[in-house]
Amino acid sequence: MKHRYLISILIATAAIRAHADPVAQPRLIVAISVDQFSADLFAEYRSLFTGGLKRLQSGVVFANGYQSHAATETCPGHSTILTGSRPARTGIIANEWIDQSVARPDKKVYCAEDPTVPGSSSSNYTVSAHFLKAQTLGDRLKAASPHSRMVAVAGKDRAAVMMGGHAMDQVWYWSGTGFVTLPGSTGAKPHAVETTNAAAAALIAKPAAMPLPPVCQTRAIAVPVAGHEVGVLQAAKAGDAAAFKVTLAFDRAITDLSIGLIRELRLGSGAAPDVLAIGLSATDYVGHAFGTEGAEMCAQVLGVDENVGRILQALDETHVPYVVVLTADHGGTDLPERNQMRGVADAARIDPALAPSRIGQQLAGEFGIKPPVLMAAQPFGDIWLARDVPDAMRDRVLDAARAQYLSHPQVAAVFTAAELRRMPAPTGPPDEWTLAERFRASFDPERSGDLLVALKPHITPIADARYSVATHGSAWNYDRRVPIIFYRPGTPGFEHPLPVETVDILPTLAGLIGLTIPPSEIDGHCIDLDPGSGNTCAR
Ligand SMILES: [Zn+2]
């Protein structure tokens, strides 16, 4: 009896503590992912922000957050943000991977597709969360409170689907000419989609001038690369829908649609908390097309600042208690040509001799077997041994392939699937993980390659730079480090250099709304957002 009495006092005290918290529980959770917004870009520009990215800095700022895994691509990165799980658990090991069991000539599958839908192929895929093995915040919240809604808007289908999950109420992503939803979806199309698509079509037909902000003018220095120049902001051509994605106007359209849906669906005003995931994708397209350190990226990140400010303004107008988390799916680095000009002596483009098809050809000759011996979606990361290689030879061919990669001066390390399978999931601060641990964090024994190849730092895996000059995807920290910022209006914030992970976002948000998640189901840990003696993880 005594014990029961004590327990009821403790429960009563806990209830009073929860009531004494001056901040209302959020009714709307907004997760913003800025594609390729590295911790380095945040550091470089944070003092210049005047809009939403300035305001968010009054919240809880982790300027040194991590997408901790090696496969720093868009799909794996987005799969961590609202699942609390690293790609080893979400199953999203890359944007594209090789699955030799599919009836497709190229054996390639896309992370956000369902390859079992008849007629789909790796280039004409059916968008789906089929490959996502984890539950998102939306999935978990809707299971706990069926009135909750999960809405996702992004420039890229994979960003929307990986943040949204398996039970989205609304999902909209750019198809190339307008925002569309999952194939086969029924239900009325919100007016906001119609108006945003009409405005985007007008902008593609007749692009508005995008003047270079004055603070970006010192960054406008032309850098020659592969027969063209980057570094100086160029006007978009009329009628070019592909070029539209590489302009500020693209993120503005994603923002317009997000704001339209906040208002039209009255997000946060329902019977249970709602989630809105927003993927601002243009920063990534700008990074790939022009690199990270020119006038183009300067104008782009200042545009993100403006768009995030517009989203916050729209949220304020709802008078709904909200929390915003802003992060990125991966970081990035500049093109090797400009890196070379700026003191990065080891910056270079990948040697075309490292193409898996070329190494496979050599092995085919050496062992007297039929090519392709090696298969891959890209010249680094996951490499698969072709199914046709006879069982009796597989170990020897794999050893020879590994030796071939390791003999190349641009290769830092090669791991085998067998080695990674034997390793436990990494623990401890992600800035101190070994290279093998980084690869282990995005290794799925069912899906990953037989060999995992790490290029040396600043080796850009784009041999032909005519269309895309820079990229990400490595296990090095410039691709892993991203800002992670939590913002609740009216709540004091703090800044900490702690290397938290994007997988910590889900349990942290769950703590704010009192959603229970079994720790064994995820990799992340709740971060206490209270700067004082309170604890937002202990509701
Ligand atoms: Zn990305």
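Whatever order the structure lists ligands and atoms in, that order sets their numbers, starting from 1.
- For H330, the N, O or S atom closest to the Zn ion (ligand 1) goes by the atom name NE2.
- Residue-level check: among N/O/S atoms of D329, OD2 sits closest to the Zn ion (ligand 1).
- Note: S68 OG to E501 CD = 3.5 Å, rounded to the nearest 0.5 Å.
- Residue contacts to the Zn ion (ligand 1): H78 brings no N, O or S atom closer than 2.8 Å.
- Although no hydrogens or angles enter the test, the distance criterion places no donor-acceptor pair under 3.5 Å between the side chain of Y478 and the main chain of G331.
- The Zn ion (ligand 1) forms the vertex of an angle spanning OD1 of D35 and OG1 of T74; to the nearest 10 degrees it equals 130°.
- Ring planes of F250 and F244: perpendicular class, angle over 60° (limits at 30 and 60°).
- Checked against the 6.0 Å centroid threshold, Y66 and W433 do not count as a close aromatic pair.
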